[in-house]
S.K.: 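Following this message is one structure expressed as structure tokens.
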Amino acid sequence: MNDNLIAVQDGETLDPQDWDEMRRLAHRITDDALDYIRSARERPVWRPVPAEVAARLTAPAPGQPSEPAAVYEEFKRDIMAYPMNTTHPRFWAWYMGSGTVLGALADLLASTLNPNLGGANHVAPLVEKQVVGWIRDMVGFPAGSSGLLTSGASMANFTALTVARNANGGYDVRRQGVRAAPGPLVAYASSEIHSCNQKAVETLGLGTEGLCRIPARDDYTLDLATLERQVRADRAAGRLPFCVIATAGTINTGAIDDLHAVADFCAREGLWFHVDGAIGAVAVLADNLRASLAGMERADSIALDLHKWMHIPFEAGCVIVRDAAAHRDSFALVPEYLQREDEGGGMASGSLWFSDYGLQLTRQFRALKVWMSIKEHGLERFGRMIARNVEQAHYLGRLIEAADELELMAPIGLDIVCLRFNPGDLDLAALSRLNQAILVELQESGVAAPSYTTLKGAYCLRVAISNHRSRFEDFDLLVAEVLRIGRELL
Ligand SMILES: Cc1ncc(COP(=O)(O)O)c(C=O)c1O
């Protein structure tokens with residue numbers, strides 16, 4: 001025998017050694033998963049990972065197998081016990097979603113079928129196409145638009161901005177690259193834009209200076225008069241404006257730019273109109289919020305998240321592009337090993353290859369959890385959940401205004417409330433330290449998990465209520481605890 005060959009055992013696979021035992025374990029895992037979500041309210045929102053757990057999570061990979069049940073017990077001890085806990089009714093940090101039970105089960109099914117959504121002739125791309133069509137209709141884009149599901153809005157914005165740069169750069173950017181640009185290409189947005197757009201512009205080779213941030217107005221929206229002056233000045237200086245990124249729901253305060261005004265401006269100036277709707281685009285599902293998003297349907301492209309306010313388990317974002325040909329022209333690349341057999345039948349037939357519309361070739365079946373969750377709940381229920389979060393934000397706003405020691409720090413945009421504890425006799429630095437300490441105590445006591453931001457130099461607690469499990473009483477508790485902790489710390 002050749003010494004270089006390892007001994008192979010015919011029949012060894014990665015399937016269970018004992019299917020009955022695996023079935024029992026699978027049932028236990030499902031039961032534990034459902035109990036975990038059902039009892040979310042009874043657990044602390046957050047607890048830090050103990051040092052010994054963190055240490056165990058630095059161990060090298062095992063060379064030898066373990067029993068699946070033993071691996072699961074380790075998961076329960078070291079991982080399940082210290083989650084981020086987005087499923088908790090008082091998780092309001094950054095901007096997340098709370099997950100759905102059927103969405104989680106759909107992930108199991110997606111991994112069970114294990115299809116590759118890059119392309120080929122099978123059913124999963126039809127599911128993604130249907131889901132993308134639902135979202136396209138939801139945001140009011142025409143039937144001929146293209147789109148695909150992405151890991152999140154970062155990737156959705158990156159995909160859209162790639163198309164914007166290539167389609168509106170004024171020359172063949174894809175072939176010649178940005179080094180051939182007759183001047184620096186520039187995209188514009190308000191200073192409240194999410195950082196992922198800056199990363200996208202930098203990755204697209206345009207540099208940090210390729211994104212011009214227009215100082216936001218007092219209500220945290222894009223200042224169109226300044227934008228107009230800046231674009232004119234930049235053109236005069238030889239720069240090449242190609243795109244405006246409007247935000248529908250900013251990360252700091254939930255502000256929505258005047259989308260009709262941006263659409264008018266872009267049409268006049270020949271600029272690509274992109275909307276970052278990661279937070280707010282899905283608010284079109286709520287009857288009382290739809291009007292605030294008017295004009296979004298006029299965009300050239302839109303990026304949004306389904307794992308935020310629609311609570312699809314991470315990861316699930318979506319990009320829609322009005323000009324499907326421009327979208328495909330930016331990403332399609334078909335080497336011989338990916339040729340399609342349009343006439344010949346078989347697995348390589350069919351023209352629906354999502355890899356033609358984004359960076360990834362291998363893609364997961366994230367469409368299934370979206371498809372199953374939307375079918376289970378219907379869009380109207382999602383709309384009601386969104387509307388209730390906005391009502392809760394205003395309820396919290398009223399509680400803040402009624403408490404002498406609390407200050408509302410910005411207009412409430414959608415479901416985001418910024419506040420601080422302010423006893424009235426502290427300077428800015430001391431106030432910031434006090435509110436930082438309040439936040440840490442809120443989180444470490446396990447009561448609630450808001451996060452923070454800085455608005456006009458002032459540190460604030462930031463409560464982003466995209467949570468379908470929050471109840472009005474949760475905000476009574478939050479306010480009572482902020483007041484209690486603030487007074488105690490004084
Ligand atoms: C306005 C906005 N855009 C983009 C993103 C990035 O989205 P993701 O985290 O899904 O990549 C976020 C995330 O919070 C956001 O709030």
Side-chain angles (χ1 to χ4, degrees), residues 84 86 91-99 103 135 139 147-162 164 187-204 211 213-214 216 220-222 243-257 259 262 274-284 289 292-293 296 299 301-320 358-360 363-364 366 369-370 386 389 393 410 413-418 449-455 462-467:
M84 188 182 226
T86 57
F91 185 95
W92 303 309
W94 297 288
Y95 200 101
M96 308 274 172
S98 328
I135 295 162
V139 295
L148 81 166
L149 298 185
T150 59
S151 53
S154 298
M155 235 11 235
N157 280 311
F158 172 80
T159 306
L161 292 174
T162 306
Y188 298 80
S190 94
S191 48
E192 290 294 300
I193 191 169
H194 192 274
S195 57
C196 72
N197 293 288
Q198 180 177 327
K199 281 199 202 178
V201 168
E202 290 169 356
T203 308
L204 287 169
L211 178 65
R213 294 157 174 270
I214 307 291
Y220 298 97
T221 61
L222 178 62
C243 175
V244 179
I245 307 168
T247 303
T250 57
I251 184 69
N252 271 331
T253 69
I256 301 173
D257 290 337
L259 301 174
V262 179
H274 174 63
V275 174
D276 178 356
I279 287 177
V282 299
V284 286
L289 299 172
S292 59
L293 293 157
M296 181 169 73
S301 54
I302 176 161
L304 56 88
D305 261 328
L306 303 164
H307 60 209
K308 288 188 165 64
W309 226 351
M310 281 185 72
H311 308 293
I312 305 300
F314 299 118
E315 306 166 339
C318 183
V319 58
I320 308 280
L359 266 191
Q360 282 181 273
R363 302 174 66 252
Q364 63 172 261
R366 56 169 58 88
K369 59 191 167 188
V370 185
I386 289 169
N389 283 161
L414 294 171
D415 56 346
I416 300 179
V417 183
C418 295
S451 55
Y452 55 88
T453 192
T454 301
L455 295 175
R462 178 178 158 282
V463 187
I465 315 171
S466 84
N467 191 320

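Both ligands and their constituent atoms are indexed starting at 1 by order of listing.
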S.K.: Tell me, please, which residues at least two apart from Glu192 pass salt bridge (Lys or Arg N to Asp or Glu O under 4.0 Å).
M.R.: none
S.K.: If you measure every N or O of Gly152 against every N or O of ligand 1, does any of those distances drop under 3.5 Å?
M.R.: no
S.K.: Which ligand 1 atoms, with their elements, are less than 4.0 angstrom from a heavy-atom of Ile279?
M.R.: 16 (O)
S.K.: I need the minimum non-hydrogen distance between Val275 and Ala299, along with the two atoms involved.
M.R.: CG2-CB, 3.7 Å
S.K.: Given Glu192, Glu315, His194, which one has a non-hydrogen atom that is nearest to atom 5 (C) of ligand 1?
M.R.: His194
S.K.: Between Ile193, Thr250, Ile245, Asp276, flag the one that comes closest to atom 1 (C) of ligand 1 by a heavy atom.
M.R.: Asp276
S.K.: Please report the C-alpha distance between Trp94 and Met84 in whole Å, then the side-chain angles of each, then the deciding distance to 0.1 Å, and finally whether the side chain to side chain contact (heavy atoms under 4.5 Å, CB included) criterion is met.
M.R.: CA-CA 12 Å; Trp94 297 288; Met84 188 182 226; 4.1 Å; yes
S.K.: Nearest protein heavy atom to atom 9 (O) of ligand 1, by residue and atom, and its distance?
M.R.: Lys308 NZ, 3.5 Å
S.K.: Looking only at non-hydrogen atoms, find the nearest pair between Ala156 and Leu304 and report the distance.
M.R.: CB-N, 4.4 Å
S.K.: Tell me the nearest of Ser466, Ala281, Ala278 to atom 2 (C) of ligand 1, using heavy-atom distances.
M.R.: Ala278
S.K.: Are Gly249 and ligand 1 in contact, using a heavy-atom cut-off of under 4.0 Å?
M.R.: yes
S.K.: Roughly how far, to the nearest 0.5 Å, is CD of Gln360 from CG of Leu149?
M.R.: 11.0 Å
S.K.: What distance do Asn157 atom CG and His274 atom NE2 have between them, rounded to the nearest 0.5 Å?
M.R.: 4.0 Å
S.K.: Under a heavy-atom criterion of less than 4.0 Å, does Cys196 contact ligand 1?
M.R.: yes
S.K.: Relative to ligand 1, is Ser154 under 4.0 angstrom through side chain, backbone, both or neither, heavy atoms considered?
M.R.: both
S.K.: Which residue owns the protein heavy atom closest to atom 10 (O) of ligand 1, what's the atom, and how far is it?
M.R.: Asp305 OD2, 2.6 Å
S.K.: Rounded to the nearest 0.5 Å, how far does OG1 of Thr250 lie from OH of Tyr95?
M.R.: 10.5 Å
